[in-house]
Novice: 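What follows is a single structure, and I will ask about it in a moment.
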Amino acid sequence: MENILQGFQGALSLIFSGNREVYSIIGLSLSVSFISVVISMVISVPAGIVIGMKEFPLRKAVIMIINTLMGLPPVIAGLFVYLFLSRSGPLGYLGILHSPKAMIIAQVLLIVPIITGITMAAVKDRGTLVKNTAYTLGAERMQMLWILIKEFRTSIGSSLIAGYGRAISEVGAVMLVGGNIKGYTRVMTTAIVLETNMGNFDQAIAIGIVLLILFFLINIILQRVQGA
Amino acid sequence: MRVQVLDLIKEYDGVRVVDIEGLFFEEGRFHVLMGPNGSGKSTLLEIIAGLTKPEVGRVLYGDRQNDFASVRKRITLVMQRSYLFNTSVYNNIASGMNYRGINKSILRERVLKWAEALDLNLLLYRNVKTLSGGERQRVALARALALEPDLLLLDESTANLDPESIIIIEKVLKDFQRESGTTIIFVTHNVFQAKRLAESACLLMKGSVIEEGESKEFFNNPHSELTRGFLGGEIVY
């Protein structure tokens, strides 16, 4: 119990003293997850709209695969990215293993099914009605896409926040492909694992508190978006 | 804009829902399409509106017998339960004009004009979520009329509405058609409403045309036994 209390005291002093290492870890976590969500959004929102509304061969199979991938264990995503980016892998020539780029790729792999799945479910029932209305009013293809995004902004917003939550809390995949290199690929979750293993509980708790506060903020935004 | 329907066949899951050899909608007139549920009226309207493609046949538009793509922006459709965008009444009425690139000052003028005609001027800045069914349908109609289309398609646009909304909508439609010369195709299964509105009428059953003609002749002296039965209120399938 004493350890925990000391850990909390140390954590608060680390946060309020503006410890550079802690803040660089937080900054990297936020930026890597943000970039992952932006890339995933560009891929997943149009994909979710198309899969949710269009009839095409093997659509049911595609939906089943997306639903399965929504629960993809992060370590497996990390393993795939590792195998592809490792020196002997097909994309080894890029030389980006153990870099933030590799972490972003792994996170995108994890988030894309989540945003696609939620968007797809949202547009499935009313999407065609919205599209037909826009079409009869004279909207062009890109205008129709924008109208659909606007009309389903609540669900799409929720999917982005859920994706961000998944990305920032992820540890297995980023540990594998990022390598947890101090000052380069160390993010909040991997730092907590490392500091705990090393017995630096104050640092682990400090980062844990920030992560919890972030989750709290994400939940507030999620509730606002959903109008709760 | 006149419309010609030629050798049209449409099937859903192997069931033929529209099978029309030829049907002609003259320019600048108020046409009413009637028929019981499942007679193919809505599907025919969707084909004319370019929302559904037929298996066989085609629809030609205007004097030059254009295809749909070249006249798309001169046509609009108001559905039975029209979808309104999650924004204000003003933005909804303006939406179609925005997509068609209509100049902002003309846009504003038309929004105000049609909002007044359809008794929506006090609701202009309210979100459509707060409106009643009748008000929502009037917004959908204002949105379509503000486009000043050459061909206006209406699919049971007054079904399940309160009498006050029906009276307003029918009056606005008649006035609009008279002043603009727009061709209107109005789908309904309400015989009384059809009598009030139609200049020419057509009865569809099981996807085929049973009878068509000038309003007076159609309602007063129908040739087909099925038409007489339908107009007389018998359930005809």
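Chain naming here is simple, since letters A, B, ... match the order of the sequence lines and numbering starts at 1 in each.
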Novice: Give a yes or no on whether a salt bridge exists between A/Glu140 and B/Arg100, defined as a side-chain N under 4.0 angstrom from a carboxylate O.
Specialist: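 Answer for the salt bridge query: no.
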Novice: Using a cut-off of 6.0 Å, state whether more than 12 heavy atoms not belonging to A/Lys101 lie near its atom NZ.
Specialist: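 No, the 6.0 Å shell around NZ holds no more than 12 heavy atoms from other groups.
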Novice: Got a second to check how far A/Tyr135's OH is from B/Thr76's OG1, nearest 0.5 Å?
Specialist: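 Those atoms lie 11.5 Å apart.
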Novice: Between chain A and each of B/Asn86, B/Leu147, B/Leu153, count heavy-atom pairs under 4.5 Å; write down the option with the most.
Specialist: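 Greatest number of close heavy-atom pairs with chain A: B/Asn86.
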Novice: Are any of the side-chain heavy atoms of A/Val130 and B/Phe85 separated by less than 4.5 Å?
Specialist: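 Yes, side chains in contact.
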Novice: Where does B/Leu77 contact chain A at under 4.5 Å (heavy atoms): side chain, backbone, both or neither?
Specialist: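 The answer is both parts of B/Leu77.
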Novice: Report the distance from atom OG of B/Ser82 to atom CG of A/Leu129, rounding to the nearest 0.5 Å.
Specialist: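 If I round to the nearest 0.5 Å, the distance is 8.5 Å.
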Novice: Contact part of B/Thr87 toward chain A, heavy-atom cut-off under 4.5 Å: side chain, backbone, both or neither?
Specialist: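 Neither the backbone nor the side chain of B/Thr87 comes within 4.5 Å of chain A.
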Novice: Should we say atom CZ of A/Phe84 is surrounded by more than 12 heavy atoms from elsewhere, each under 6.0 Å from it?
Specialist: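 No - once you tally the heavy atoms of other residues, nucleotides and ligands closer than 6.0 Å, there are 12 at most.
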Novice: Using 0.5 Å steps for rounding, measure from the OG1 atom of A/Thr136 to the CE atom of B/Met79.
Specialist: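 It is 5.0 Å, given to the nearest 0.5 Å.
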Novice: More than 12 foreign heavy atoms under 6.0 Å from NZ of A/Lys124: is that the case here?
Specialist: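 12 or below, so no.
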Novice: CG/A/Leu137 to OH/B/Tyr83 distance, rounded to the nearest 0.5 angstrom?
Specialist: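 The OH atom of B/Tyr83 is 12.5 Å from CG of A/Leu137, to the nearest 0.5 Å.
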Novice: Other residues, nucleotides and ligands only: do more than 12 of their heavy atoms fall within 6.0 Å of CZ on A/Phe80?
Specialist: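 It does not: A/Phe80 CZ has 12 such atoms or fewer within range.
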Novice: To the nearest 0.5 Å, what is the distance between CD on A/Gln143 and CG on B/Asn98?
Specialist: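 Interatomic distance, A/Gln143 CD to B/Asn98 CG, rounded to 0.5 Å: 8.5 Å.
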Novice: Report, as yes or no, whether the 6.0 Å neighbourhood of atom CZ on A/Phe34 holds more than 12 heavy atoms from other residues, nucleotides or ligands.
Specialist: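 No, because the 6.0 Å sphere around CZ of A/Phe34 holds 12 heavy atoms or fewer from other groups.
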Novice: Could you tell me which non-hydrogen atom of A/Glu151 sits nearest to which non-hydrogen atom of B/Leu84, and how far apart they are?
Specialist: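 Where A/Glu151 meets B/Leu84 most closely, the heavy atoms are OE1-O, 4.3 Å.
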Novice: Crowded around A/Leu58 CG? As in, over 12 foreign heavy atoms under 6.0 Å?
Specialist: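 Counting other residues, nucleotides and ligands, CG of A/Leu58 stays at 12 neighbours or fewer.
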Novice: Within a reach of under 6.0 Å around OH of A/Tyr82, are more than 12 heavy atoms found that belong to other residues, nucleotides or ligands?
Specialist: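 No, because the 6.0 Å sphere around OH of A/Tyr82 holds 12 heavy atoms or fewer from other groups.
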Novice: If you count heavy atoms of other groups shown closer than 6.0 angstrom to CZ of B/Arg58, is the number above 12?
Specialist: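 Atom CZ in B/Arg58 is not crowded, with 12 or fewer foreign heavy atoms closer than 6.0 Å.
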